[in-house]
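First comes the structure, then the notes that go with it.
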Amino acid sequence: AVLAIASLLVPAARGAACPPPCRCQALGAARGMHVDCSSRQLRAVPALPPGTRSLDLRNNSLRSVPAGLLDGLRSLDVAGNPWHCDCGILYLQLWLRDFSAPALGSARCASPAALRTKALGQLTGNELGPCKRLLPVKCLQFFWRDLVLIAGAVITLLLAAWALKSSKKLVCQLKLSR
């Protein structure tokens, strides 16, 4: 009786984590969860449950995806959304390029007018306009940290070479003085 009650409660708990307009399906413990939010007239991507690995966002009213939202996913379908193709679309474009080339070809710009119907995969940097901040701040922090570490290594090598050269002169002077 206890097992029957527990089996009834576990699916309900999984459903509670699923965003209300979407349907969620467990793919197995190791494979995570599939979240189907297709054709729901969404204007924003809902909060995804932990362990989401597959996401279907087809045929909604999405114009952009916040940076970082897709991290952890393995598959994504975004066709049929009116994407606004400016600097804000770069995260989605790069994610699709890395993880889902077919989706990159099926996702199309709806705005601005000059890019209407163009596939995200065909966008160039010039078409997106002046993007002032392409890299997240954390990436820039790592860049400066790495630059300082490289400069420190170069200075250390120069000092070691100078010390080695000086020690040879000192050894030669000691031998000559004897």
Side-chain angles (χ1 to χ4, degrees), residues 4 6-143 146:
S7 67
L8 291 174
L9 292 176
V10 171
R14 280 189 190 148
C18 192
C22 306
R23 287 177 295 161
C24 296
Q25 176 186 2
L27 301 173
R31 294 178 49 210
M33 185 179 300
H34 172 72
V35 179
D36 182 358
C37 298
S38 61
S39 302
R40 304 280 196 250
Q41 299 176 342
L42 298 175
R43 292 183 180 271
V45 180
L48 300 175
T52 300
R53 296 294 175 257
S54 174
L55 179 60
D56 187 347
L57 294 171
R58 286 175 296 142
N59 303 321
N60 282 293
S61 298
L62 301 172
R63 294 176 49 77
S64 65
V65 172
L69 185 85
L70 306 175
D71 297 350
L73 290 181
R74 293 187 190 127
S75 71
L76 175 68
D77 195 342
V78 293
N81 285 286
W83 300 110
H84 179 67
C85 295
D86 65 358
C87 290
I89 205 72
L90 281 175
Y91 171 74
L92 176 62
Q93 183 192 36
L94 293 173
W95 192 95
L96 290 172
R97 183 171 288 144
D98 288 346
F99 296 103
S100 183
L104 186 61
S106 65
R108 302 212 170 266
C109 301
S111 62
L115 300 176
R116 188 166 299 158
T117 72
K118 189 160 190 172
L120 264 59
Q122 296 173 339
L123 291 175
T124 65
N126 291 336
E127 293 171 321
L128 296 176
C131 298
K132 292 182 179 164
R133 198 172 123 206
L134 295 178
L135 296 173
V137 173
K138 287 183 181 179
C139 291
L140 293 175
Q141 289 170 349
F142 288 125
F143 169 77
D146 293 346

Closest non-hydrogen atoms of S61 and N81, given as atom of the first, atom of the second and distance, are N-OD1, 3.5 Å
Applying side chain to side chain donor-acceptor pair (under 3.5 Å), which residue pairs with at least one partner in residues 30-40 are found, sequence neighbours left out? R23-D36, H34-S54, D36-S38
E127 side, atom CD; L115 side, atom CG - distance, nearest 0.5 Å: 5.5 Å
Backbone N/O of L62 and side chain of R43: donor-acceptor pair under 3.5 Å: no
Side-chain touch S111/R63, heavy atoms, less than 4.5 angstrom: yes
Close side-chain approach of V45 to N60, heavy-atom, < 4.5 Å: no
Shortest non-hydrogen pair, T52 vs L73, comes out as O-CD2, 3.4 Å
Flag the pair W83 / V78 as yes when at least one side-chain heavy-atom distance between them is below 4.5 Å, and no otherwise. yes
Please give me the minimum heavy-atom distance between L104 and R97, naming the atom from each residue. CD2-CA, 3.8 Å
List the atom of C18, the atom of P49, and the distance in Å for their closest heavy-atom pair. CA-CG, 4.3 Å
Can you tell if the side chain of C85 reaches within under 4.5 Å of the side chain of L120, non-hydrogen atoms only? yes
Work out which heavy atom in P46 is nearest to a heavy atom in L42; give both atom names and the distance. CD-CD1, 3.8 Å
For a 4.5 angstrom cut-off between non-hydrogen side-chain atoms, does H84 reach S64? no
Looking at CG of L69 and CG of L92, how far apart are the two atoms once the value is rounded to the nearest 0.5 Å? 10.0 Å
Between L76 and W95, which heavy-atom pair has the shortest distance, and what is it? CB-CZ3, 3.5 Å
CG of L55 to CE of M33: how many Å apart, nearest 0.5 Å? 12.0 Å
